[in-house]
Every structure is written in structure tokens, then in C-alpha cells.
Amino acid sequence: MTAILLDGAAIARQVYSQLEQRVAALNNQGVRPGLAAVEVGGNPASLVYIRNKVRACAAAGLHSEVHEFTADCPESVLLAALDKLNRNPLVHGIIVQLPLPRGLEAGRIVQSIAIEKDVDGFGWRNLGALIAGHPLFVPGTPLGVMTMLDHAGIAIEGRNAVVVGRSTVVGKPMALLLIARGATVTVCNSKTVDLGDFTRRADILVVAAGRAGLVTGDMVKPGAVVIDVGINRRADGKLVGDVAFESVRAKASYLTPVPGGVGPMTVAMLIANTVSAAERSIAATRPASATR
Ligand code: GUN
């Protein structure tokens, strides 16, 4: 078997084209959706990710602004900047690009983003609401994975899903979304003993452990759907996922490439969340009589 590759860039283009009308409707009401990105310490990978998000905003007709801080910036300065952004009516979504430099506690800083602007969905209130099934925003990467599965018409209910990775950004919300859709979900991580024993049971295997080549073809059930969330830069500069591409491609029914798989979907979901935040901001300020 040779897996069908799930083209994240193509699916993302469809997401953007569906957003066009919603952005136009907002513009007609005098609102341009706006995203503010906070970057601390100049991490080269973070700068690339932020540049991609700024480009995506421009292409989708969103306002964006980047607030950069040095690695030695005190937490109080970041909290004050976030407080100001929370109150800025031109900004509907706020993200703090992770990871933060050593010495800054991401948890506390991300928590200070207002829930209605937490378009990364990393705040505890959004993550907690995800457990109950009612988040305002779902983190972009797992939401992008669900969108790709649905786009390809892959059934989820009743199937064995294995998530490798237990991060708050991907693994945990990914497991919750799959549970909500009726999958039987197992969460492993890079330290799981006999990882292959678990992954070989997966009909849907999502790998987000941050280890190049962690999952090889012999660890995959024939015909499984394999979603590779990893982005690792090899010594020769090449970007690779967490999945050994060629050997897994020979076993899986569907596979996401790296790059060009989940990555573009993460950004598209962030833009979609920001548009939703702008829509919600209008609904929140409209007088009660105007909602009928
Ligand atoms: N670091 C890795 N992924 C993400 C993401 O989706 N959002 C932010 N803010 N930081 C990240």
C-alpha cells in the first residue's frame, strides 16, 4: 500500500476561501479582524512562525501587529503589554509565541490573555472548557488535524486512535477532540515502553512527540491513517517530521507530509479563530434589540 498524502496547504486554501465572506461581512460592519503576536527573546524558529502568521493575516485581510521583547524582559512588562492588548478594541486575538525564554513562566503569562481573545486556546479556561466540550477556542494544531480528517472523509467514531505526545499545545487537546468524536483514545509519549505495541493498534495515529523518525513503518498497522505533527530540523537543514516518511508511507492509507501537512493548517485555524473572535466581539457589543 502507498499512502495518499493529505495536502495541508490545499485544505488550508479552502479554509481561507471560506473565511473571505466572513471577513467581508465584518468589514461591512466596520470591523477588520486583528491579531497581536507577542514574541520574546528572538528565538529564530519563533520568528519564522510569526512571520508566517503575519503573512497569513495579510493574505486573509486581517490586521496584525507583532510586539517583540528581549529575553531579559521582566514578567511585569509582558503582563502590562498583554493587559493593554486585552483592552485594545482593534485587537481581537492575542498569541504569545512559545517557547518563552528560560526564566519566564509560560503558564502565568498565557493565563493573562482575556479568554475572548485567547485564539491559541492555550489558556486554562479554554482548555478546561474543552474537557466539557464548550471551548471558545480550540488550539490550532489539533483543530487543524480534525479538519484534515474530516476533509478526507475519515471516520472517527468507534476507531482506535493513538496520540503520541502529551503536550498542552497538541497532545492533550488532540486526545480530547478525538474522545469527543467517539474514538477510543490512547495517549502515549516518547518514553512509552514498547511504543510500537500501542501504535500498531491505531486506526488513526497522531504523532506529536518532537522526535525525528520516532515512528517507523513496522510500528504502523497496515491501512492506518497517520498524522505527523512533528517539525524537526536535521543537521543538513532539511525539515522532517516525527514519522519515518518512506517506511510509513508504504504501510499507511493516509499520511501527512512534513512540510506541507499539518503546519499550514495550524496557521489557517489561528486565522479562523481570530475571525470568530472578531465576530463574537460584535455580537457582544450589539444592543439587545439589534440581535433579534
Ligand atoms: N509554539 C508552537 N506551536 C505554537 C502555537 O500554535 N502557538 C504559539 N503561540 N506558540 C507555539
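Remember, it's 1-based here, ligands and their atoms both numbered in the order they're listed.
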* List the atom of Pro89, the atom of Arg87, and the distance in Å for their closest heavy-atom pair. =>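 Heavy-atom minimum between the residues: CD-O, 3.3 Å.
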
* To do: Specify the closest pair of heavy atoms between Val91 and Lys117, including all atoms of both residues, with the distance to one decimal.
  =>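 Result for this residue pair: O-NZ, 2.7 Å.
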
* To do: Can you sort out which atoms of ligand 1 are near Val96, meaning under 4.0 Å from one of its heavy atoms?
  =>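 Those atoms are 8 (C), 9 (N).
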
* To do: Give a yes/no on ligand 1: does Phe122 have at least one heavy atom closer than 4.0 angstrom to it?
  =>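 It does, in that a heavy atom of Phe122 comes within the 4.0 Å cut-off of ligand 1.
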
* Asked: Is there a heavy atom in Glu39 that sits closer than 4.0 Å to ligand 1?
  ->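 No, that is not the case, since the closest heavy atom of the residue is not under 4.0 Å from the ligand.
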
* May I ask you to identify, for Asp120, whether its side chain, its backbone, both or neither come under 4.0 Å of ligand 1 on a heavy-atom basis? =>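 Side chain only.
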
* Hey, what do you get for CZ (Arg181) to CD1 (Ile156), rounding to the nearest 0.5 Å? ->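 Taking CZ in Arg181 and CD1 in Ile156, the distance rounds to 4.0 Å.
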
Compute whether any side-chain donor of one residue and acceptor of the other, for [X] and [Y], lie under 3.5 angstrom apart.
X	Y	result
Asp118	Asn126	yes
Arg55	Ser64	no
His92	Glu116	no

* Looking at ligand 1, does any of its N/O atoms fall within less than 3.5 Å of an N/O of Pro99? ->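 No; every N/O pair is 3.5 Å or more apart.
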
* Does an N or O from Gln97, backbone or side chain, lie closer than 3.5 Å to an N or O of ligand 1? ->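 Yes; the residue has a nitrogen or oxygen that sits under 3.5 Å from a nitrogen or oxygen of the ligand.
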
* What is the closest protein heavy atom to atom 10 (N) of ligand 1, and at what distance does it sit? ->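 Closest protein heavy atom to atom 10 (N) of ligand 1: Leu98 N, 3.0 Å.
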
* Tell me: protein heavy atom nearest atom 3 (N) of ligand 1, and distance? ->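 Protein heavy atom at minimum distance: Val169 CG1, 4.2 Å.
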
